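As the structure is a prediction and not an experimental result, all values here were calculated from the model. These numbers come from the heavy atoms of this one structure, side chains and all, not from hydrogens, waters or symmetry mates.
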Amino acid sequence: MFAKFLQYIFPVTKLTGLKKAFREKRCPACLNIHTEKGLCESCLSTIKPKPENICIVCGNKLNSPDAISLPCITCQTVPRNFSRLYFLGLHEGLLRDMLLGWKFNNQYGYDTVFQQFISRSCADIPETNRPDLTIPVPLHPSRLRERGFNQSLILARFASSATGAKLSAKALIRTRKTIPQTKLSGSARRKNLHTAFVAAPSLVKNKKILLVDDVYTTGSTVDECARTLLEAGAERVEVLTLSRALI
């Protein structure tokens, strides 16, 4: 019926062009037509990949390439509650713009791109570290109502599909609304998040967990989440994000 309605309004030539336009694949960033789903080669080339010489725990740059299999001095001095960080690229340029547009400006056309990016990062997980459970960093219910969706949950679904690990959005919940982390310094971020999360021991005990968020900045949020999960009996917590803000 809809096709007949279009035929009534548009001449045949215009209708053919309209159908073709819907079938065409376009880059969600620049909107240019190309042959594959996701970003075009031109936009993809602007994504800054993670540096080669980084700490495997926090992703900080290392001065010596010989230390890439070890935690950096900072992580050795003050150990994190999570064991490893996986991420695709630096939180700059197009990757940063896509994430901000997705989270705050209702730009929902990046799902395919982010799914591809998450799958690529999951491929870096060693077989011995394969997770049993995938958990998103939770939003407080009031923040969820404001935004309308939890971006970490969507990314966690992609990670669950890529790794085969079960997804649980109930294993970790946020019980206290906190000040947005972007407005705070490092020490204030940690204090802001203390006791903000609760984990379900029945779901996480003896599990290797992949904790998923969109951006890693200081690591305060995922570290507090990891602490909560370990105290609830988790065997190990690793972190996966789309981007890493090098500060």
**Item:** Residue pair T175 / V198: nearest heavy atoms and the distance that separates them
**Value:** CG2-CG2, 3.6 Å

**Asked** What are the two closest heavy atoms between Y86 and P126, and how far apart are they?
**Response** OH-CD, 3.4 Å

**Asked** When you check the gap from the basic side-chain N to the acidic O, do D132 and K166 get nearer than 4.0 Å?
**Response** no

**Item:** Side-chain ion pair, K208 and E235, N-O less than 4.0 Å
**Value:**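 No, this pair does not count.
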
Would you give the length of the straight line joining atom [atom1] of [X] to atom [atom2] of [Y], rounded to the nearest 0.5 angstrom?
X    : Y    : atom1 : atom2 : result
E52  : K61  : CD    : NZ    : 12.0 Å
L240 : S121 : CG    : OG    : 5.5 Å
S168 : L153 : OG    : CG    : 10.0 Å
D111 : F158 : CG    : CZ    : 4.5 Å
K48  : H91  : NZ    : NE2   : 12.5 Å
R80  : C75  : CZ    : SG    : 5.0 Å

**Prompt:** Do the side-chain N and O atoms of R244 and N60 include a donor-acceptor pair separated by under 3.5 angstrom?
**Reply:**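 Side chains of R244 and N60: pair found under 3.5 Å.
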
**Asked** Do S152 and D213 have side-chain atoms, one donor and one acceptor, less than 3.5 Å apart?
**Response** yes

**Message:** Using the rule ring-ring contact (aromatic ring centres under 6.0 Å, His included), only one of Y110, F149, Y108 pairs with W102; which is it?
**Reply:**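 Of Y110, F149, Y108, ring-ring contact (aromatic ring centres under 6.0 Å, His included) with W102 is met by F149 alone.
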
**Request:** Hey, can you tell me if Y216 and F82 have their rings parallel, tilted or perpendicular (30° and 60° cut-offs)?
**Result:** perpendicular

**Message:** So does E224 get a backbone contact from the side chain of T228, meaning a donor-acceptor N/O pair under 3.5 Å?
**Reply:**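 Here the side-chain-to-backbone pair exists.
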
